[in-house]
Amino acid sequence: MIKISELSKTYNEGKDSKVNALSNVNIKFDSNGLVSILGKSGSGKSTLLNLIGGLDTPTSGSIEVDNVDVSSMDNLSLDSYRNSIIGFVFQEYNLFNDMTVYENISLAKELNNTNTDVTKILKSVDMIGFEDRLPNELSSGQRQRVAIARALAKDPKILLCDEPTGALDSDTGNIVMEILERISNDVLVIVVTHDKKSSAKYSGRVIEIKDGKIIDDSNPFDRDLNCEYMKMRPSKLSFMRILKIAVNNIRRRYIRAIFALMFSSIAFASFGISDSISSINRVDVTVKSMIESTINNTSLDYSIVKNAYGDKMTFTPGINYETNELLNENYPNRIFYPMYSNLADNLEDSLYFSIDDQYRNYYIPNISGSIEVNQEMMNNLGITLLHGRLPQTENEIMISLYTYELIEMFDLKDESNNKIEIENFLDLESKKITLANEEFTVVGVIDTGLDIDRYLPLIEMIDYSISRDTLQNELNTNLVYGLHSAIFVDDTYISIQDTKLLPMTEKAILEFEVVEQGLTGVSEDILYLYNVEGLISDNNFLYLKDNVNFNNLSSNQVILPISMLETIGFIDGVGDFRNLIHDKSYEIALNHSYSVFSDLSTEHTTFPFTTAEDYASYMVSGFENNYEEGLGKSYFKELALTDLFDQIYFDKFNELNLYHDYQGEEVSLLVEVVGFIDDSTIDLWSSKTLLVNNEMFESYSRRNDSNVKLLFTGINENDDDLRELIELHFINDNMYFRLNNEITVTIDYLGNSIQALSQIMLYVGLVVSIFSGYLLFNLISTSVVDKFKDIGILMALGTRRRDIYKIFLIQSTVIVVLNILLAITIMLIGNSVLNDTIRNDYGILIKIIDINIRQVLLVLSLSVGVSLVSTIIPLRKITKMNPVDAIRKDL
């Protein structure tokens, strides 16, 4: 059955050290019988056994079993060979300690898919009644008999036994040898042993090995081999068996696994929370925070972003009808209610008591504006009637609960400054309040949904803190841009027909680009238009071109402030304006000094100047001239300016090409600078100003089509277009709509802090992801390495490497699933606790942490990736080893 030819095995024990375990061994074995191989330790007998069993590979020579060369098989064929042909009984038993006796045996049966009766096998080795015992509950002899039973369960053709009685007492050893002798009637049993006595008693053939060579054979087999067709089949493990082994592997050291899982899941949860903070999306945060904070409505105002002084500046021109129509077209299912600025006023003059400094953070007496009210509007904006009725005439109003509390706190006064005590709603009913010089009768109180108690700490808070500033910003925004300090008027009080075009009477703001190539300072900047009529008088220092009248400028003529020349930088071919003035003033003063110096030095005996240059410097220094009245710095500066304008600046500014693009309107203007004015004598907002006639001013002034201050719209958690509406708040192009409520103001206020926190948490998340990955890697890889010996045993039993991978991949999957579930649970709990802490302890309403599908997918991806790496890397290392090396691996 077995033919071994010129078999050698050499081990490399060091760089220059080799051990010849077997040397040119030639031997044959029949298909049955008990053969004992004797020899001292290190003689090569166990090596021979391992080579026959396919647990190790020879250095040279061949091993033929039924004319099939086992020594040339690949790993897959060797697995099938060990599974179908070989049964192995080890000296150390090599049972699976976390499987019962029955499970150990049935595993081998399942691997070879035999019909062996496990009970019958147990009976043959006298182990009936021990089926449910674990190996560590058995004696040494019992464990060895279980090992034999496991080997027999595969119905092998060859049973290889390595020192089966080495760890047993003589009586137990005899029992084991008797069992092996009985088995040898049907299969070939090869026993490696030191016991010459028992081998002589039970063996039909005794072979002795020394120094890797056979030195004696009591019954050589020289006949021709009776070979049968070797039927090898790969091992087969059911999914349930694989799953059970995987779960048992985890359960074996469950306490360590539990602690490791807890640390790993906490690390992964921390990674998820860090990522959530690092990936803060202001729109998402605003949407969820507004919904969770049950905000019923929000206001919108319209803003324009312009470049000014190198920075972006925001201007709020008001809302016109075209703007309102644009919103209505984009949001046809949303109703926008206008608040008008016509009744905006300070209520403090109507109060009997002055508001103490202690309360000024909380009680703000400004009325934000007026809004028409009806039941539909109240339903859509989520406000309710607390007392009274809706106004029915133009002189009737309702007030908010906040305004009522303000009045209740400080009472009203009548025309004679007598106290009108207000203690309840009824006391206020029918009382009159003067707003914007109009008298109104209060007929009701509306609950606008303001959480008044939330801001009560402002009364006590003195020191500045994030909580205080956040609350103060919230309250101010709610009162200035909310309904909470508004006056509610009859829905016919304000009529569109009554609104007028109201041009800005003081100044217009317009963005012009100066195209003139030689001028570098006002390019792509804001120029303010001022109406020259009524702004300039003959008292202002004004220098005009000949035949120009500042009261009769044409539409293409402009006057510039002198300070613009000081701020625009350099003009091609011209020096700095201030230096030019100084040099020209000194030049004019010096010419004058040459003409009068001799006379002055003769006339004044105490004249202190020795040269004309000294006297010229004195005249332009700014000190009062004690020798020639009126001839000082201002005098020579005016003369210098006149020369500079005539000689340089009128020529440079003769044609100024201005390009204007505002709200899609493109205008190109060619203007002539016909004058310069000393703007220190007039009140201008900026040096970058054009003074123009009335016609041009009105042509380019921004106009408000109404006195609409804000638009209000309702908010509910089912808003399909809420996200799109909120996105308007964060568009920072040339113009945008700003939402005003306690959420948006907090996000805007904490914007830089949130962004900085986001950046910090990005790096924290990276560090935590590495740490959490390391913890999971260590947990899984350790669980694989801990099974080093078991993997070797599985390979020795003929288990396919594919099934071994399945066992540990499922084991890793169980760990990963538990890790993910725990991590997600901890993330959700942390999400809730941290957000509640931020909300309750710091008074910040926004939801900074928002665990969503992104974090779940990140934790899932990282866990799966780490589990695959931590499983496959050690498995590849182990499964590439010979089974015998894996079994003997010293952990």
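Computation of the quantities below employed the complete heavy-atom set of this structure, encompassing side-chain atoms and omitting hydrogens, waters and symmetry-equivalent molecules. Counting from 1, the numbers follow the sequence of the chain as shown.
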How close do S867 and V816 get, counting heavy atoms only, and between which atoms? CB-CG2, 3.1 Å

Given side chains that start at C-beta, do those of L107 and L237 come closer than 4.5 Å, heavy atoms only? yes

Quick one: does M177's side chain get under 4.5 Å of L168's, heavy atoms only? no

Evaluate S77 against D74 for side chain to side chain donor-acceptor pair (under 3.5 Å), listing each step before the verdict. CA-CA 5 Å; S77 298; D74 57 22; 2.8 Å; yes

Is any side-chain heavy atom of N32 less than 4.5 Å from a side-chain heavy atom of V187? no

Between atom CD1 of I277 and atom CD1 of I851, what is the distance when rounded to the nearest 0.5 Å? 8.0 Å

Is the terminal nitrogen or CZ of R150 (NZ for Lys, CZ for Arg) located under 6.0 angstrom from the six-membered ring centre of Y93 and within 45° of that ring's axis? no

Can you see which heavy atom on A886 is nearest to which on F788, and at what distance? O-CD2, 3.6 Å

Distance-only donor-acceptor check, side chains T114 and D155, under 3.5 Å: no

State, to 0.1 Å, how close M761 and S274 come at their nearest heavy-atom pair, and which atoms those are. CE-OG, 3.4 Å

Step by step, would you call D98 with K787 a salt bridge (charged side-chain N to carboxylate O under 4.0 Å, His left out)? CA-CA 11 Å; D98 47 5; K787 291 294 183 178; 3.1 Å; yes

Quiz question: by atom type and distance under 3.5 Å, do the side chains of S5 and E64 form a donor-acceptor pair? no

For the residue pair D56 and K9, what are the closest heavy atoms and their distance? OD1-NZ, 3.5 Å

Donor-acceptor check, side chain of N12 to backbone of K18, threshold 3.5 angstrom: yes or no? no

Quick one: does L180's side chain get under 4.5 Å of C161's, heavy atoms only? yes

With no hydrogens and no angle check, just 3.5 Å: does a side-chain donor-acceptor pair link R182 and S124? no

Quick check: do S31 and L188 have side-chain heavy atoms less than 4.5 Å from each other? no

Test salt bridge (charged side-chain N to carboxylate O under 4.0 Å, His left out) applied to R82 and D79, step by step: CA-CA 5 Å; R82 288 192 297 269; D79 289 340; 2.6 Å; yes

